[in-house]
Student: 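Here it is, the structure in full.
We count ligands from 1, going down the list as the structure has it; atoms in each ligand are counted the same way.
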Amino acid sequence: MNLPAAVRIVEVGARDGLQNEAAIIPTSTKIELIDRLSACGLTTIEATSFVSPKWVPQLADAAEVYAGIRKAAGVSYPVLVPNLQGYERARAVGVTEIAVFAAASEAFSRRNINASIDESIERFVPVLKRARGDGVQVRGYVSTVLGCPYQGEVPLADVVHVAQRLHALGCHEISLGDTIGVGTPAKARAMLRAVADAVPMSALAVHFHDTYGQALANILACLEEGVAVIDSAVSGTGGCPYAKGASGNVASEDVVYMLDGMGIATGIDLARLIDTGLWLSQALGRQTSSRVARARAAA
Ligand code: HMG
Ligand code: MG
């Protein structure tokens, strides 16, 4: 076993979580969420998404959200960017870290961003070039790594190929996304191993949606392979508007509880994170999806 001593959590709730809410969340609530998260000790908080507001109206206020958050020292606030237009909008409000996103499945790529995988990567070339010149760090997502809502099975070779291309283009970190949460531990492990043959493990992150209740088991399998960066969303919000049936991301509270129990450092204050998740679920008008938060609230 190859367990890391410390893990960096990439909190994606403010982006992956809120992009999928049926109701439009007030900008002030988004800002308060992000500020509460930085106070919990999270060091990477994905803040929002500069995609087309016609496609994702929930995050049409990206510029206001980014401009409004307290930029805590030592905290990164990356944002999603699909093209140069998004890059320019993000830079206009002072963004210094971005994430681009491609899919391992051709069918998902077309539904999610109206482009083939090749076209999407071509779109990123000028974005990465500009980012390099501006000193902006770029993360790369590969989605549908363990299955696609339109295509079904996704060959491992396709996942490896897209991850390798994004890394070669200059993405400092590649996040491997089980967008619809269908993966199981042996498959997650095999997928990570295959990608790690092409991209160094130190540049990889895992991103599990918990649709089938497999996320923590999958994360454990990937930790055993040596991954040390995990994406999660406080209160277990999330999904992708273009992946029908994709439910929430794994809850950050549940991941931190598991890591705490395993003696793996995160630097995150679990009690404060639970409070933040309960505050968010109240703001969204529904129960938290975090099992840990529910257990603590009932205790
Ligand atoms: P398109 O319609 O093919 O693009 O969308 P277009 O270039 O033809 O532009 C159409 C209109 O959008 C134009 O406006 C553009 O100006 C505008 P019009 O002339 O009609 O008035 N536009 C923009 N406006 C603001 N900001 C922009 C922008 N770009 C174009 N950046 C596009 C192509 C990629 C833009 C669109 O498909 C899009 O925004 N898709 C985003 C979908 C999305 O956000 N999905 C969820 C994120 S991915 C995810 O959740 C998975 C992940 O979590 C990992 C995992 O779970 O696996 C990351
Ligand atoms: Mg996601």
Student: Tell me whether F101 has any N or O atom under 3.5 angstrom from an N or O of ligand 1.
Tutor: no
Student: Heavy-atom pairs closer than 4.0 Å: do any link ligand 1 to the side chain of S52, the backbone, both, or neither?
Tutor: both
Student: With respect to D231, which candidate in R139, R15, R8 satisfies the salt bridge (charged side-chain N to carboxylate O under 4.0 Å, His left out) definition?
Tutor: R139
Student: Does the pair E32/R36 count as a salt bridge with the N-to-O cut at 4.0 Å?
Tutor: yes
Student: Between the candidates Q58, R89, E46, Q85, which shows the shortest non-hydrogen contact distance to atom 26 (N) of ligand 1?
Tutor: R89
Student: Give the atom numbers and elements of ligand 1 that come within less than 4.0 Å of a heavy atom of P82.
Tutor: 31 (N), 34 (C)
Student: If Ile, Leu, Val, Met, Phe, Trp and Tyr residues are connected whenever their side-chain heavy atoms lie under 4.5 Å apart, and connections chain through other members, are V206 and M262 in the same group?
Tutor: yes
Student: Tell me which one of S252, S38, S232 satisfies side-chain hydrogen bond (donor to acceptor under 3.5 Å, both in side chains) with E11.
Tutor: S252
Student: Could you list the atoms of ligand 1 found under 4.0 angstrom from a heavy atom of N112?
Tutor: 37 (O), 40 (N), 41 (C), 42 (C), 43 (C), 45 (N), 46 (C), 48 (S)
Student: Ligand 1 and S143, any nitrogen or oxygen pair closer than 3.5 angstrom?
Tutor: no
Student: Kindly compute the distance separating CD1 (I9) from OG1 (T43), expressed to the nearest 0.5 Å.
Tutor: 9.0 Å
Student: Could you list which atoms of ligand 1 come closer than 4.0 Å to a heavy atom of G86?
Tutor: 31 (N)
Student: Of all the N, O or S atoms in H207, which one sits nearest to the Mg ion (ligand 2)?
Tutor: NE2
Student: Kindly indicate, with the supporting measurements, whether the criterion side-chain hydrogen bond (donor to acceptor under 3.5 Å, both in side chains) is fulfilled by D178 and Y212.
Tutor: CA-CA 11 Å; D178 182 10; Y212 286 79; over 6 Å; no
Student: Could you list the atoms of ligand 1 found under 4.0 angstrom from a heavy atom of V56?
Tutor: 43 (C), 44 (O)
Student: Which is closest to atom 32 (C) of ligand 1 by heavy-atom distance: L59, V100, I113?
Tutor: I113
Student: Would you kindly confirm whether V125 and I113 end up in one hydrophobic cluster when ILVMFWY residues are joined by side chain heavy atoms under 4.5 Å apart?
Tutor: yes
Student: If you measure from each heavy atom of L80 to ligand 1, is any distance below 4.0 Å?
Tutor: yes
Student: Establish, yes or no, whether the cationic atom of K129 lies under 6.0 Å from the six-membered ring centre of F124 and within 45° of the ring axis.
Tutor: no
Student: Taking distance alone, with no angle check, do H209 and ligand 1 share an N/O pair under 3.5 Å?
Tutor: yes
Student: A side-chain contact here means heavy atoms from C-beta on lying under 4.5 Å apart; do K187 and V182 qualify?
Tutor: no
Student: Checking contacts here: is it the side chain or the backbone of D16 that comes within 4.0 Å of ligand 1, counting heavy atoms only? Could be both or neither.
Tutor: side chain
Student: Which of the numbered atoms in ligand 1 are under 4.0 angstrom from any heavy atom belonging to P53?
Tutor: 24 (N), 25 (C)
Student: Report, in ascending order of atom number, the atoms of ligand 1 lying under 4.0 Å from any heavy atom of G177.
Tutor: 57 (O)
Student: Specify which N/O/S atom of D16 comes nearest to the Mg ion (ligand 2), by atom name.
Tutor: OD2
Student: Of all residues at least two apart in sequence or in a different chain, which pass the side-chain contact (heavy atoms from CB on, under 4.5 Å) check with A62?
Tutor: T48, F50, R89
Student: May I ask you to decide whether E21 forms a salt bridge with K30, counting only side-chain N to carboxylate O separations under 4.0 Å?
Tutor: no
Student: Which atoms of ligand 1 sit under 4.0 Å from any heavy atom of N114?
Tutor: 1 (P), 3 (O)
Student: Using distance alone, decide if ligand 1 has a nitrogen or oxygen within less than 3.5 Å of any nitrogen or oxygen in Y141.
Tutor: no
Student: Where's the contact between N83 and ligand 1, heavy-atom distance under 4.0 Å: side chain, backbone, both or neither?
Tutor: side chain
Student: Give a yes or no on whether D231 keeps an N, O or S atom under 2.8 Å from the Mg ion (ligand 2).
Tutor: no
Student: Does ligand 1 have a heavy atom under 4.0 Å from the side chain of R15, from its backbone, from both, or from neither?
Tutor: side chain
Student: Would you say the side chain of L33 lies within less than 4.5 Å of the side chain of L18, judging by non-hydrogen atoms?
Tutor: yes
Student: Which is it for V51 and ligand 1 at heavy atoms under 4.0 Å: side chain, backbone, both or neither?
Tutor: both
Student: Quick one: look at R123 and ligand 1, take heavy-atom pairs under 4.0 Å, and tell me if it's side chain, backbone, both or neither.
Tutor: side chain
Student: Is R130 salt-bridged to E88, going by a charged N under 4.0 Å from an acidic O?
Tutor: yes
Student: Show every ring-ring contact (aromatic ring centres under 6.0 Å, His included) that has at least one partner inside residues 152-195, sequence neighbours left out.
Tutor: none
